[in-house]
Amino acid sequence: MDSLQQRSSTVQEPLAETAHRPTPPPAWRPRTDPAPLLPDTEPLRVLGTDAVADADPALLRRLYAELVRGRRYNAQATALTKQGRLAVYPSTTGQEACEIGAALALEERDWLFPSYRDTLAAVARGLDPVQALTLLRGDWHTGYDPREHRVAPLCTPLATQLPHAVGLAHAARLKGDDVVALAMVGDGGTSEGDFHEALNFAAVWQAPVVFFVQNNGFAISVPLAKQTAAPSLAHKAVGYGMPGRLVDGNDAVAVHQVLTEAVTRARRGGGPTLVEAITYRIDAHTNADDATRYRADGEVEAWRAHDPVLLLERELTARGLLDDEGRRAAAEAAETMAAQLRERMNADPVLAPMDLFTHVYAEQTAQLREQAAQLRAELEAEGESR
């Protein structure tokens, strides 16, 4: 007992006077002033405000045409799942302004890093609609050449494309290439470790990358409130030392403006930016999901009143930039795209089993060569038996 009291007394003895510091040493001081990094308290809006008067009419018309085409693309792809032509389709109905705004904010030399939900952004960037759906059809892991289109493979695992975007952007900067990477992710992806690692390295390296979070309210069935207690996802940027921006994700003009500013900043050496777009997923998570189990119909209908296509259409009409002929032309172009997509997707693809071993490694491993030889022998034997 005496020994225990002696040890306790020793532990409780005050530190020597020379070791006592009432405040942390100067090295504790913040490396960056947090105030300029904080997002606005409200999402940026352009439509319905005086700022829309400064928007380029040609840009407004192009955004509208792309939104109409995107809405039709989502509807057609969803229908293809019901016809058995697609295994799954994660729709972006209601989020078209985010998809189109991201695609149009980039220069041709830049790179887009999409998630599995961002087929529309890839198509708006110029990717063939059928190639964009090849992964979701189950034919190939990627139905296009990423280098040719500067669109990384559609990423099914959450947030794993973010570190890849940072790596490419950092490499481009080291090489002196004038390239920016824009990485898209959903609110659910911000709960992944890859999100933390990507933002941390991007800020430390000042990599020319833009992180674009489409906050559509749910990570499948998990609402945002059960993922984070942060004031907003854009606020997370401050902890990494980069600016956070908050934008109305259903306002196509505002999305395009904020992302263009972030891309320009990155290109000029200003480093990364985290942009959060507040939007809503009108359709279910995928065709395999029953959204009625975790959200009310009234909530969906309230967001329909904030439809990105209608918001822009009303603005253009009020400003005399869109008439009945313009609406009809946009609808007809979208329908032509849908008809071509439907026709091409209804044709059975010609698949080559040996393609399983293509594009796995630049140089095949011994194990892959052995497996390829085994499959080739089985195919030849099957052919001879017919």
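Note that the structure is a prediction, hence the values are computed from the model and not measured.
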Q: Would you say Arg342 and Arg85 make side-chain contact, with heavy atoms under 4.5 Å?
A: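 When only atoms from C-beta onward are counted, Arg85 and Arg342 do not touch, as no gap falls below 4.5 Å.
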Q: Counting neighbours of CD on Glu108 that are heavy atoms of other residues, nucleotides or ligands and sit closer than 6.0 Å, is the number greater than 12?
A: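 Atom CD in Glu108 is not packed in, count stays at 12 or less.
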Q: State, with a plain yes or no, whether a side-chain heavy atom of Val263 is found less than 4.5 Å away from one of Leu106.
A: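 Val263 vs Leu106: side chains touch.
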Q: In the structure I gave you, are the side-chain heavy atoms of Phe113 and Val209 within less than 4.5 Å of one another anywhere?
A: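 When only atoms from C-beta onward are counted, Val209 and Phe113 do not touch, as no gap falls below 4.5 Å.
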Q: So, are Asp307 and Arg304 salt-bridged, with charged N and O less than 4.0 Å apart?
A: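 Salt bridge between Asp307 and Arg304, a charged N being under 4.0 Å from a carboxylate O: no.
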Q: Does Phe357 have more than 12 heavy atoms from other residues, nucleotides or ligands lying within 6.0 Å of its CZ?
A: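 Buried by this count: over 12 neighbours within 6.0 Å.
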Q: Taking the side chain as every heavy atom from C-beta outward, state whether Asp128 and Arg344 have any atom pair closer than 4.5 Å.
A: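 Asp128 vs Arg344: side chains touch.
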Q: Name the residue from Thr286, Leu133, Leu80 that meets the side chain to side chain contact (heavy atoms under 4.5 Å, CB included) definition with Tyr89.
A: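 Among Thr286, Leu133, Leu80, the one that satisfies the side chain to side chain contact (heavy atoms under 4.5 Å, CB included) with Tyr89 is Leu133.
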Q: Quick one, Glu42 and Leu246 - any side-chain contact, counting heavy atoms below 4.5 Å?
A: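 A side-chain contact under 4.5 Å is absent here.
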Q: Between Leu274 and Ile278, is there a shared hydrophobic cluster once you connect ILVMFWY residues whose side-chain heavy atoms come closer than 4.5 Å?
A: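 Leu274 and Ile278: separate clusters.
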Q: Would you say Leu311 ends up clustered with Val253 if hydrophobic residues are merged whenever their side chains have heavy atoms under 4.5 Å apart, either directly or through other cluster members?
A: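 Yes; Leu311 is reachable from Val253 via cluster members.
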Q: With a cut-off of 3.5 Å and sequence neighbours excluded, list every side-chain donor-acceptor pair involving residues 162-174.
A:
from, atom 1, to, atom 2, distance (Å)
His164, ND1, Thr160, O, 3.4
Arg173, NH1, Trp205, O, 2.4

Q: How far apart are the closest heavy atoms of Ser221 and Pro223, and which atoms are they?
A: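 Between these two residues, the closest heavy atoms are O-CD, 3.4 Å.
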Q: Under 3.5 Å, is there a donor-acceptor pair linking the side chains of Thr279 and Asn216?
A: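 Result is no, nothing qualifies.
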Q: May I ask you to check whether over 12 heavy atoms, not counting those of Asn346, lie within 6.0 Å of atom CG?
A: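 Atom CG in Asn346 is packed in, count exceeds 12.
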Q: Roughly how far apart are Ile100 CD1 and Glu66 CD, rounded to 0.5 Å?
A: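 These two atoms lie 5.0 Å from each other.
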Q: With a 4.5 Å limit on heavy-atom distance, are the side chains of Thr228 and Thr190 in contact?
A: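 Result no, sub-4.5 Å side-chain heavy-atom pair not found.
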Q: Salt bridge or not for Arg45 and Asp251, using N-O below 4.0 Å?
A: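 A salt bridge is absent here (no side-chain N lies under 4.0 Å from a carboxylate O).
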Q: For Asp194 and Gln161, run side-chain hydrogen bond (donor to acceptor under 3.5 Å, both in side chains): C-alpha distance rounded to whole Å, both residues' side-chain angles, the deciding distance at 0.1 Å, then the answer.
A: CA-CA 8 Å; Asp194 297 84; Gln161 75 274 22; over 6 Å; no
Q: Should Asn215 and Tyr280 be marked as a side-chain hydrogen bond (donor to acceptor under 3.5 Å, both in side chains) after you check the CA-CA gap, both sets of side-chain angles, and the distance that decides it?
A: CA-CA 7 Å; Asn215 179 4; Tyr280 195 80; over 6 Å; no
Q: Same cluster for Tyr116 and Val185 if Ile/Leu/Val/Met/Phe/Trp/Tyr side chains link at under 4.5 Å?
A: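 No, separate clusters.
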Q: Are there more than 12 heavy atoms of other residues, nucleotides or ligands under 6.0 Å from atom CG of Asp297?
A: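 Counting neighbours around CG of Asp297, 12 or fewer heavy atoms of other residues, nucleotides or ligands fall under 6.0 Å, so no.
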Q: Give a yes or no on this: more than 12 heavy atoms of other residues, nucleotides or ligands lie within 6.0 Å of atom CD of Glu197.
A: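 Buried by this count: over 12 neighbours within 6.0 Å.
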Q: Answer yes when Asp177 and Arg109 have at least one side-chain N-carboxylate O distance shorter than 4.0 Å, and no when they do not.
A: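 The answer is no: the pair does not qualify as a salt bridge.
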Q: Stepwise, does the side-chain hydrogen bond (donor to acceptor under 3.5 Å, both in side chains) test hold for Gln227 with Asp187?
A: CA-CA 9 Å; Gln227 295 185 67; Asp187 49 289; 3.2 Å; yes
Q: Is Asp139 salt-bridged to Arg137, cutoff N-O under 4.0 Å?
A: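 Here Asp139 pairs with Arg137 in a salt bridge, since their nearest N and O are under 4.0 Å apart.
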Q: Is there a path of hydrophobic side-chain contacts, each under 4.5 Å between heavy atoms, that joins Val275 and Met242?
A: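 No: no chain of side-chain contacts under 4.5 Å links Val275 to Met242.
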Q: Does Arg281 reach the side chain of Arg295, with side-chain heavy atoms less than 4.5 Å apart?
A: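 Arg281 vs Arg295: side chains touch.
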Q: Below 4.5 Å, heavy atoms only, C-beta onward: do Leu321 and Leu60 meet side chain to side chain?
A: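 The answer is yes, as the side chains (C-beta and beyond) meet within the 4.5 Å cut-off.
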Q: Can you see whether Thr273 engages Arg245 through a side-chain donor-acceptor pair at a distance of less than 3.5 angstrom?
A: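 Side chains of Thr273 and Arg245: no pair found under 3.5 Å.
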Q: Does the side chain of Tyr73 pick up a donor-acceptor pair with the side chain of Glu96 at under 3.5 Å?
A: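 There is no such pair (donor and acceptor under 3.5 Å, judged by atom type) between the side chains of Tyr73 and Glu96.
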Q: Are Leu368 and Leu375 linked, directly or through intermediate hydrophobic residues, by side-chain heavy-atom contacts shorter than 4.5 Å (ILVMFWY only)?
A: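 Leu375 and Leu368: one cluster.
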